[in-house]
Amino acid sequence: MQFPPVEEQLAIIRRGVEKIVPEEQLAKKLQHSRDTGTPLRVKYGIDPTGIDVHLGHTVPLRKMRQFQQLGHQTVIIIGNYTALVGDPSGRDETRARLTAEQVEANAVDYLNQVGKVLDLSQAEVIRNGEWFSKMAFAEILELCGRVTVAQLLTREDFAKRYKAEQPIYLHECLYPVMQAWDSVEIRSDIELGGTEQLYSFMLARDLQRQQKLPEQIGIMSPILVGLDGKKRMGKSLGNYIGISESPYEMMKKFMQLPDDCMRMYYELLTDVDIDEVNTLLAGHPKEAKVTLAKSIIGEYHDETSAEEAAARWQREIGGKEMQSDISEGFLNEDLLDENGCMQAALLLKELDLVPSTSEAMRRIKGNAAFVIIGDEKTRINDRSELIRVVEGMIVRAGKKDLKRVKFMD
RNA sequence: GGGGGAAUUCCUGAGCGGUCAAAGGGGCCAGACUGUAAAUCUGGUGGCACAGCCUUCGCAGGUUCGAAUCCUGCUUCCCCCA
């Protein structure tokens, strides 16, 4: 196996990485690997808790792919056993317990999604139940005997909780130990993850050393912020772009991204050359955003659909044209009075444009509600206004909330 | 095991027995402006058959003409001591 020169590899590896510990050993590892023609074993672990893979997850996954492209061996750990514990990182609720079947189904589902980023045929996929399920209590104790509470408390989230007098459960303490042990089992050279993984990564080094194995190097990516531009991208926060979403959906979301986040997105989610990124960011922010969106959409779909999505966005949202994908709102014709009319507030609610009539009234009061027939746009001024309802007319309850009326059969 | 404290509408956090659908802040929503960015300004933020009515203040009872506010029991959580 012939690897590229170390410097060349480093340049690729360092991109969009926040921290490498210990930094100086990385070059040595790469050099050794190159000299001996041995690929490095690069580990990335996840818990199969039912994940809808979004761009935040792709940050380490893309890094994995880069390692693959450099000729190294990627190892994906499916934490089917760790899933039973639940990662304490920033969690304020205990995860619901999953059955073994659910975990397995999740794992399969997850791998399908990961396949869009990584070449799975070139990766090892290992479930950590393989070793943990066989571990005897005595061995577990032995393992725990190597970690001190003081060490655990160096972990930032535990430290914070401890200081804030928040509870830290014993089983949560085991989580990093298990994760670290995975590294021993698979003899990892490098582990990828977010910055919040620092403690586990270091613990893995301790354990590896104690097992007389080479110590892994932790490569940590920054946390990708979500569409709100502040918090980390996550499903529960509703600020994410899923990699399975349609090109147009992605496009719409990308354009909502705050300008400040573009550099980060470029760096972490694309391969666009940094110099070029600088040029783009120096230009009109909107153009830079469109380019960014196209680049990423192209990765998960294809360039043509990315172009189409961008063009459509420009036409329908950036421009003045009416949106073409207004979804249908089904209406029960029986609700109309003898003149085919209906109270405005009720109409909005029945079309599912708003969750309640109260909300409908708020929108109307806030000048957000319109009825559109053909090119004619009429504002609804009062909640009790009687609207003559015709099939095919468009009802609007806000910029993003439009429905085309369709009667139910 | 003992002692102390807390549970309020999405979060935080006020809340004299009546004038409390419940202050303030955050978040969020809508409108103006715009590049569906940011900033700013305005309005809103339980539900409904909406000038009125109904359901909310951990749970269950009780005292009162009247309770988020008082009493009893329960549940949960936190802290301290051992």
Side-chain angles (χ1 to χ4, degrees), chain A residues 90-94 160-169 225-241 245 247-266 280-294 297 309-326 332 334-337 341-350 352-370 377-386 395-403:
Chain A
R91 284 257 148 198
D92 43 49
E93 277 172 44
T94 315
K160 234 194 248 161
R161 273 154 74 174
Y162 187 70
K163 210 173 159 196
E165 304 184 324
Q166 295 290 306
I168 298 169
Y169 290 92
V225 298
L227 296 175
D228 55 72
K230 286 176 205 140
K231 299 182 190 134
R232 78 184 285 163
M233 184 174 280
K235 192 176 186 178
S236 54
L237 295 170
N239 60 356
Y240 72 105
I241 300 180
E245 293 186 55
Y248 189 54
E249 281 304 316
M250 287 180 151
M251 190 69 208
K252 282 197 283 193
K253 289 192 180 180
F254 271 119
M255 294 314 283
Q256 286 178 52
L257 184 74
D259 291 358
D260 299 345
C261 304
M262 285 200 280
R263 177 173 295 279
M264 181 186 222
Y265 273 49
Y266 265 115
L280 281 163
L281 292 180
H284 194 302
K286 187 190 164 192
E287 295 313 314
K289 209 174 283 177
V290 170
T291 309
L292 170 72
K294 283 197 288 199
I297 294 169
R312 185 167 156 208
W313 182 87
Q314 184 53 49
R315 225 183 312 123
E316 299 183 3
I317 295 178
K320 293 277 175 260
E321 264 184 61
M322 183 73 81
Q323 275 176 259
S324 63
D325 70 332
I326 296 171
N332 187 341
D334 298 343
L335 292 169
L336 302 177
D337 65 17
C341 294
M342 187 171 193
Q343 275 203 358
L346 192 58
L347 178 64
L348 298 198
K349 190 193 154 199
E350 287 300 323
D352 252 348
L353 281 165
V354 291
S356 67
T357 44
S358 302
E359 180 61 21
M361 292 192 289
R362 277 176 218 128
R363 299 286 179 98
I364 291 168
K365 221 184 287 172
N367 295 333
F370 289 86
K377 194 167 161 188
T378 321
R379 176 141 91 212
I380 300 173
N381 295 305
D382 190 85
R383 65 177 174 77
S384 53
E385 196 170 297
L386 286 175
V395 181
R396 193 193 104 136
K399 242 179 261 179
K400 295 165 200 157
D401 305 303
L402 296 140
K403 284 270 170 85

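Below, all heavy atoms of this structure are taken into account, side chains as well, without hydrogens, waters or symmetry copies. Every chain is numbered from 1 and lettered A, B, ... according to where its sequence line falls, protein lines coming before strand lines.
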**OP:** In whole angstrom, give me the gap between the C1' atoms of G31(B) and U76(B).
**Re:** 43 Å

Original post:
Taking all atoms of both residues into account, what is the closest heavy-atom pair of Leu402(A) and Lys399(A), and its distance?
Top reply: CD1-O, 3.9 Å

Subject >> Strand RNA chain B in bracket notation, Watson-Crick/G-U under 3.5 Å with | for pairs to another chain >> reply: (((((((..(((.....[.....)))((((((.......))))))(((...)))...(((((..]....)))))))))))).

Subject >> Integer angstrom distance from the P of C10(B) to that of C57(B) >> reply: 11 Å

Original post:
So, are Glu359(A) and Arg363(A) salt-bridged, with charged N and O less than 4.0 Å apart?
Top reply: yes

Subject >> Sequence-aligned protein contact record of nucleotides 37-50 of chain B, with B where the base is within under 4.0 Å of a protein heavy atom and S where only the sugar-phosphate is >> reply: B------SS-SBSB

**OP:** Could you tell me which residues satisfy side-chain contact (heavy atoms from CB on, under 4.5 Å) with Asp334(A), sequence neighbours excluded, listed by chain and number?
**Re:** Asn332(A)

**OP:** Please figure out whether Lys231(A) or Asp401(A) has its closest RNA chain B nucleotide nearer the 5' end.
**Re:** Lys231(A)

**OP:** Apply side-chain contact (heavy atoms from CB on, under 4.5 Å) to Leu281(A) and list each qualifying residue two or more places apart in sequence or on a separate chain.
**Re:** Met262(A), Arg263(A), Tyr266(A), Val277(A), Ala288(A)

**OP:** Return the minimal non-hydrogen interatomic distance between Lys230(A) and Val225(A), and the atom names on each side.
**Re:** O-CG1, 3.8 Å

Original post:
Could you state the interatomic distance from CZ (Arg396(A)) to NZ (Lys377(A)), rounded to the nearest 0.5 Å?
Top reply: 5.0 Å

Original post:
What pair of heavy atoms forms the shortest contact from Pro258(A) to Gly229(A), and how long is it?
Top reply: CG-CA, 3.8 Å

**OP:** Grab the two heavy atoms, one from Leu257(A) and one from Lys289(A), that are nearest each other, plus how far apart they are.
**Re:** O-NZ, 2.6 Å

Original post:
Quantified in whole Å, what is the C1' atom distance between nucleotide C71(B) and nucleotide A21(B)?
Top reply: 26 Å

**OP:** Under 4.0 Å between any heavy atoms, over every strand shown, what does Arg379(A) touch: base, sugar-phosphate, or nothing? Just pick one.
**Re:** nothing

Original post:
Can you name the nearest heavy-atom pair linking Ile364(A) to Leu348(A), along with the distance?
Top reply: CG1-CD1, 4.1 Å

Subject >> Minimum-distance pair of heavy atoms, taken over all atoms of Met251(A) and Ala293(A) >> reply: SD-CB, 3.8 Å

**OP:** Could you give the distance separating U9(B) and U56(B) at their C1' atoms, to the nearest angstrom?
**Re:** 7 Å

Subject >> Inter-nucleotide C1' distance (A14(B), A22(B)), Å rounded >> reply: 10 Å

Original post:
Considering residues at least two apart in sequence or located in another chain, which fulfil the side chain to side chain donor-acceptor pair (under 3.5 Å) criterion with Glu385(A)?
Top reply: none

Original post:
Atom CE of Met250(A) to atom C1' of U36(B): distance rounded to whole Å?
Top reply: 18 Å

Original post:
When rounded to the nearest Å, what value does the distance between C1' atoms of G18(B) and A68(B) take?
Top reply: 13 Å

Measure all distances between protein nitrogen or oxygen atoms and nitrogen or oxygen atoms of nucleotides 20-26 of chain B, and list the pairs falling under 3.5 Å.
none

Original post:
If we take the P atom in both C28(B) and A38(B), what is their distance in whole Å?
Top reply: 10 Å

Subject >> Whole-angstrom distance between C16(B) and U8(B), as gauged at atom P >> reply: 16 Å

**OP:** Measure from CG on Leu280(A) to P on G35(B) and round the result to the nearest Å.
**Re:** 20 Å

Subject >> Lys253(A) to Tyr240(A), cation-pi by 6.0 Å centre distance and 45° axis angle >> reply: yes

